Number of protein chains: 2
Amino acid sequence: MAKKSIRAADVAKRAGVSQPTVSRVFGVGTKVSKKLELKVKTAAAELGYRPNTLARTLATGCSKTIGLIVSFLENPFYPEALEKLSLVLNESGYHILIFMAANQAEEIDTIVEDLLDNQVDGIIFASVGISNTLTDRLVKENIPLVLFNRGQDDPRLSSVTSANFEGGRTVAQFLLAGGHQRIAHISGWQGSSTGRDRQAGFIKGLKDAGQELIGCIDSRFRRSLAAEATRRLFLGEIIPDAIFVGNDHMAFAVMETIRTEFGLRIPEDVSVVGYDDVSMSEWPSFNLTTIRQPANRMVEETVKMLLSMIDGDFLTVQKLEIDASLQVRGSARIPEEWPNEEF
Amino acid sequence: MAKKSIRAADVAKRAGVSQPTVSRVFGVGTKVSKKLELKVKTAAAELGYRPNTLARTLATGCSKTIGLIVSFLENPFYPEALEKLSLVLNESGYHILIFMAANQAEEIDTIVEDLLDNQVDGIIFASVGISNTLTDRLVKENIPLVLFNRGQDDPRLSSVTSANFEGGRTVAQFLLAGGHQRIAHISGWQGSSTGRDRQAGFIKGLKDAGQELIGCIDSRFRRSLAAEATRRLFLGEIIPDAIFVGNDHMAFAVMETIRTEFGLRIPEDVSVVGYDDVSMSEWPSFNLTTIRQPANRMVEETVKMLLSMIDGDFLTVQKLEIDASLQVRGSARIPEEWPNEEF
DNA sequence: TTAGGTTTTGAATGCGCATTCATAAAATGC
DNA sequence: GCATTTTATGAATGCGCATTCAAAACCTAA
């Protein structure tokens with residue numbers, strides 16, 4: 001059907017050399033005399049030759065593609081990260097085989113099988129967890145793997161997250177400094193390290209000052225659940241004067257619910273703080289005070305880590321936590337004495 | 001380094017058959033006696049054998065992966081579409097090699113080369129254009145290709161869009177029926193068919209009623225430009241009482257600028273209508289009246305079209321326009337007599 | 001029972017490239 | 001100028017699977 005593609009052998013014949021020579025010209029780290037190289041290159045150009053990546057992969061065992069499993073794409077943090085990830089990986093000559101996943105273990109397993117069948121050189125899990133048995137397999141098969149924005153206890157797993165615990169604590173200090181007395185938390189999924197750590201840090205921060213949460217609801221990073229949680233909080237006995245929400249995506253829903261369903265003002269009546277600092281946070285409609293999770297750096301570190309694992313440096317296995325600082329905007333009362341470092 | 005992988009030949013030896021027999025068991029449309037099939041399958045299971053997709057691709061010339069080039073990921077329409085695309089393609093047994101692109105011809109060319117080197121079976125361009133020379137190449141090389149949410153005149157190109165012209169016209173009729181007198185348009189990129197068609201339809205709709213735009217600014221689907229355009233419009237001599245914005249993504253910026261910078265109310269002072277109906281449109285903060293572009297159907301049709309082209313049915317080449325209806329919400333004055341079909 | 005026909009199966013080959021190994025060419029030393 | 005080391009090249013082989021083709025096994029009918 002399609003016109004037969006030109007192979008290295010065709011170029012070789014035209015250039016009057018052997019096929020391996022052509023292969024060497026287009027390969028990396030292989031040497032050919034200037035003279036032949038020129039002949040080969042012109043012949044290749046005349047024929048419009050391009051090496052077949054697949055054949056190369058089959059021969060070398062290295063595909064220059066990495067598998068990416070991502071979920072929660074409705075949270076703008078992930079499209080943003082995805083875009084950067086693509087950029088950085090492409091710069092390093094890697095391709096991305098992408099899969100969307102709900103967060104079910106069996107589904108992940110299937111996807112990973114699929115990735116392995118396709119000979120990916122490494123895998124990035126963006127905001128998805130991995131089962132123990134799957135970890136066993138991947139480690140045994142020596143497949144480099146990094147968890148992005150999600151940590152797991154297993155010491156064999158590398159991950160890049162922000163300093164979620166610290167971030168949560170910072171928020172607590174900020175809200176306390178603002179004199180809030182009735183603080184609640186609408187948390188991210190407690191089945192995820194990010195959700196747990198942010199919450200734990202937050203609670204710790206309150207506790208250190210002798211305060212306790214007046215309410216804490218797991219809304220699993222979902223807008224609808226966050227809105228529902230907000231309703232429960234504001235229909236309760238004690239209504240909060242501050243809410244820390246597990247990520248920005250949910251925080252927007254919380255803010256809207258507070259405003260439209262309860263007619264309260266932000267931050268006059270209620271302070272809201274989020275986590276992520278997605279670009280939407282600075283939209284005037286939200287102007288959300290939030291913990292800035294630097295997607296750029298997280299992506300860079302993720303790729304760096306993965307690539308060095310691919311290069312065989314398994315000492316790279318580590319759990320990296322990127323600093324996460326508070327981005328003060330207008331959705332939460334600003335304490336008088338708060339150090340105004342940001343801007 | 002990694003444990004040597006088990007090949008079909010290993011399974012064959014263990015099952016006491018030949019390698020081709022194993023190949024036939026795992027291939028499609030190939031027959032093997034029940035007896036041998038069982039032996040092979042148990043042997044394969046015992047060894048944990050999985051066929052190497054790459055080798056298969058090399059042998060068959062069909063990779064079961066499609067290349068996806070996408071830009072404007074900051075517009076939530078595309079993450080939404082991407083997610084569905086992934087779902088539908090995976091269901092059909094296809095994988096996605098994804099590339100982000102700014103919209104520059106040369107960059108696209110490079111990406112496409114890359115895709116071809118990787119032997120993709122087909123390509124989807126999501127919201128990116130394609131040059132004539134590239135079209136020539138792809139057509140000559142017989143690479144199936146579908147443009148998603150972007151049309152081009154070239155008769156050799158397939159595309160799936162919504163009925164942008166009609167959509168634009170509908171908005172015009174809606175705003176006219178609402179009695180608006182000073183209507184402006186902040187358009188999508190006029191270098192894209194979507195941007196042009198929506199604008200053309202809108203203008204036509206106005207013209208048919210004897211009205212004209214009081215202002216029309218190309219904001220190239222970008223938030224910042226849309227905000228800037230809004231400022232220009234509202235600082236002008238005649239202040240609009242209605243604005244049709246080329247997509248929701250920009251419309252949000254327009255609404256915010258109108259509210260926060262000019263202190264005007266929507267829809268009392270100004271009506272705003274968008275295009276796409278991304279999920280954010282129904283958030284209370286925006287409650288945006290907009291043209292609903294059914295991502296689900298568009299994705300399904302795109303995949304259907306692409307797959308039948310891959311199956312060799314090039315009669316499938318066509319330009320498909322999906323119906324786009326108005327989703328009436330609260331961001332624009334609702335005419336008394338407007339047929340309330342939606343919900 | 002045997003000729004003719006229908007399936008099944010295996011040996012051989014190719015997909016396009018990289019790599020080992022042996023040989024030829026060039027460069028170096030004295 | 002010759003022996004020795006270094007470098008450049010080509011023939012052969014393998015990556016893992018699918019497919020052609022011919023041989024073998026199985027059926028069917030008379």
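Because the structure is predicted, anything quoted here is derived from the model rather than measured. Chain identifiers are assigned alphabetically (A, B, ...) following the order of the sequence lines, protein sequences preceding nucleic acid strands; residue numbering begins at 1 within each chain.
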To the nearest Å, how far apart are L54(A) CG and dA18(D) C1'? 15 Å
Check whether any side-chain N or O of S23(B) sits under 4.0 Å from OP1 or OP2 of dC17(D), and answer yes or no. no
Starting from P on dC15(C), measure out to CG on D10(A) and report it in whole angstrom. 10 Å
Minimum heavy-atom distance I130(A)-Q152(A), with the two atoms named: N-OE1, 2.8 Å
Starting at atom NZ of K64(B), determine the distance to atom C1' of dC17(D), rounded to an integer number of angstrom. 17 Å
So do R297(B) and E301(B) actually touch side chain to side chain, heavy atoms under 4.5 Å? yes
Could you check whether T60(B) gets within reach of a base, just the sugar-phosphate, or nothing at all, counting any heavy atom under 4.0 Å? sugar-phosphate
Answer whether the closest heavy-atom distance between the side chains of F221(A) and F72(A) falls below 4.5 Å. yes
Can you tell me how far the CD1 atom of I124(B) sits from the OG atom of S159(B), to the nearest 0.5 Å? 12.5 Å
If we ignore hydrogens and angles and just use 3.5 Å, is the side chain of T53(A) paired with the main-chain N or O of D117(B) as donor and acceptor? yes
Quick check: do S127(B) and Y78(B) have side-chain heavy atoms less than 4.5 Å from each other? yes
Estimated bend of the helix from dG5(C)-dC26(D) to dC30(C)-dG1(D) (axis per five terminal pairs, rounded to 10 degrees): 30°
In whole Å, what is the span from the NZ atom of K34(B) to the P atom of dC26(D)? 18 Å
What is the distance from CD1 of I6(A) to P of dG16(C), rounded to the nearest Å? 10 Å
Using atom CG of N118(A) as one end and atom P of dG16(D) as the other, report the distance to the nearest whole Å. 15 Å
Report yes or no: do D121(B) and S63(B) form a side-chain donor-acceptor pair below 3.5 Å? yes
Are M100(A) and V70(A) packed together at the side-chain level, in the sense that at least one heavy-atom pair is separated by less than 4.5 angstrom? yes
What pairs of nitrogen or oxygen atoms, one from the protein and one from nucleotides 8-14 of chain C, lie under 3.5 Å apart?
unit_1: dT9(C); atom_1: OP1; unit_2: S33(B); atom_2: OG; d: 2.4
unit_1: dT9(C); atom_1: OP2; unit_2: S33(B); atom_2: N; d: 2.8
unit_1: dG10(C); atom_1: OP2; unit_2: S18(B); atom_2: N; d: 3.2
unit_1: dG10(C); atom_1: OP2; unit_2: S18(B); atom_2: OG; d: 3.0
unit_1: dG10(C); atom_1: OP2; unit_2: T21(B); atom_2: OG1; d: 2.4
unit_1: dG10(C); atom_1: N7; unit_2: R24(B); atom_2: NH2; d: 2.6
unit_1: dG10(C); atom_1: O6; unit_2: R24(B); atom_2: NH2; d: 3.4

Side chains of F99(B) and D114(B) in contact at under 4.5 Å (non-hydrogen atoms): yes
Measure from CZ on R56(A) to C1' on dC17(C) and round the result to the nearest Å. 8 Å
Please determine if a side-chain N or O atom of S5(B) lies less than 4.0 Å away from the OP1 or OP2 oxygen of dG16(D). yes
Rounded to whole angstroms, how far apart are CG on L58(A) and P on dC17(D)? 9 Å
